[in-house]
Amino acid sequence: MNSNNFYERVYDIVRQIPEGRVTSYGAIARALGAGGSSRMVGYALQVCGGAYPPVPAHRVVNRVGLLTGKRAFGSPTMMAQLLENEGVSVTDDQVVDFDRLFWDPGGVLGG
DNA sequence: GTGGTGACGTATA
DNA sequence: GTATACGCCACCA
């Protein structure tokens, strides 16, 4: 399994995020068994640039829908634009209707 | 091997 | 409800 590494664990889940949806670090962390290690999730996404297939890190935000990792895309607005490209509205670096667009990785992986 | 850091989340005052 | 402190654990020096 290529998911033996912690990073790929995160990548695998993030890539499961459907288009036009978003999720939180905590949800991903719990899905991979990290639970309170939500910080490691974002850390992994920061270096997702060397992962393949590419990881839609722009679909991952904090638990309030805030685009905290926007700076990891090279531009402070790139993350928001990528989301808008998929139909996700973003205001003030914050996802609109986050609760509605929220996607639970465990709800799919768990079957 | 030890110390510091971090795209977060939870608990406490 | 707002503000502060802690924990969590993998990566880097």
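Lettering of chains follows the sequences in order, A, B, ..., and the numbering in each one begins at 1. Treat the numbers as computed from the prediction; the structure is a model and nothing was measured.
Between A/Y43 atom OH and C/dC11 atom P the separation is 8 Å, expressed in whole Å. Across the protein-nucleic acid pair, A/R9 atom CZ and C/dC8 atom C1' stand 17 Å apart, rounded to whole Å. Atom CG in A/L66 sits about 13 Å away from atom P in B/dA7, given to the nearest Å. One atom, CG of A/L45, and another, P of B/dA7, lie 11 Å apart when rounded to the nearest Å. At whole-Å resolution of the value, CZ in A/F73 and C1' in B/dA7 are 9 Å apart. In this entry the distance linking CD1 of A/I28 with C1' of B/dA7 reads 10 Å, nearest Å. Between A/F6 atom CZ and C/dC12 atom C1' there is a gap of 16 Å when expressed in whole angstrom units.
Contact of the A/V22 side chain with the A/V60 side chain is not registered, since no non-hydrogen atoms from C-beta on lie closer than 4.5 Å. Counting only heavy atoms from C-beta outward, the side chains of A/D93 and A/K70 approach each other to under 4.5 Å. Using a 4.5 Å heavy-atom threshold, the side chains of A/Q16 and A/D12 count as touching. In this structure, the side chains of A/V10 and A/Y43 stay at 4.5 Å or more apart for every pair of heavy atoms.
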Completion exercise
Protein-proximity profile, nucleotides 8-13 of chain B, B/S/- by nucleotide at the 4.0 Å heavy-atom cutoff, equals BSS---
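Annotation: C/dA3 and B/dA7 have their C1' atoms spaced 22 Å apart (nearest Å).
Taking both residues in full, the closest heavy atoms of A/V61 and A/L66 are given as CB-O, 3.5 Å, listed atom of the first, atom of the second, then distance. The heavy-atom pair separating A/Y25 from A/G69 by the smallest distance is OH-N, 4.3 Å. Counting all heavy atoms, side chain and backbone alike, A/E86 lies closest to A/H58 at OE2-NE2, 3.2 Å.
For the pair A/V47 and A/S37, both in contact range of DNA chain C, the more 5′-proximal nearest nucleotide belongs to A/S37.
Among the protein residues, A/A44 comes within range of no part of the nucleic acid, since none of its heavy atoms lies under 4.0 Å from any strand.
Partner assigned to C/dC8 is none, using Watson-Crick or G-U wobble distances below 3.5 angstrom. Base pairing of B/dG1: no nucleotide in any strand meets the Watson-Crick or G-U wobble criterion (both distances under 3.5 Å).
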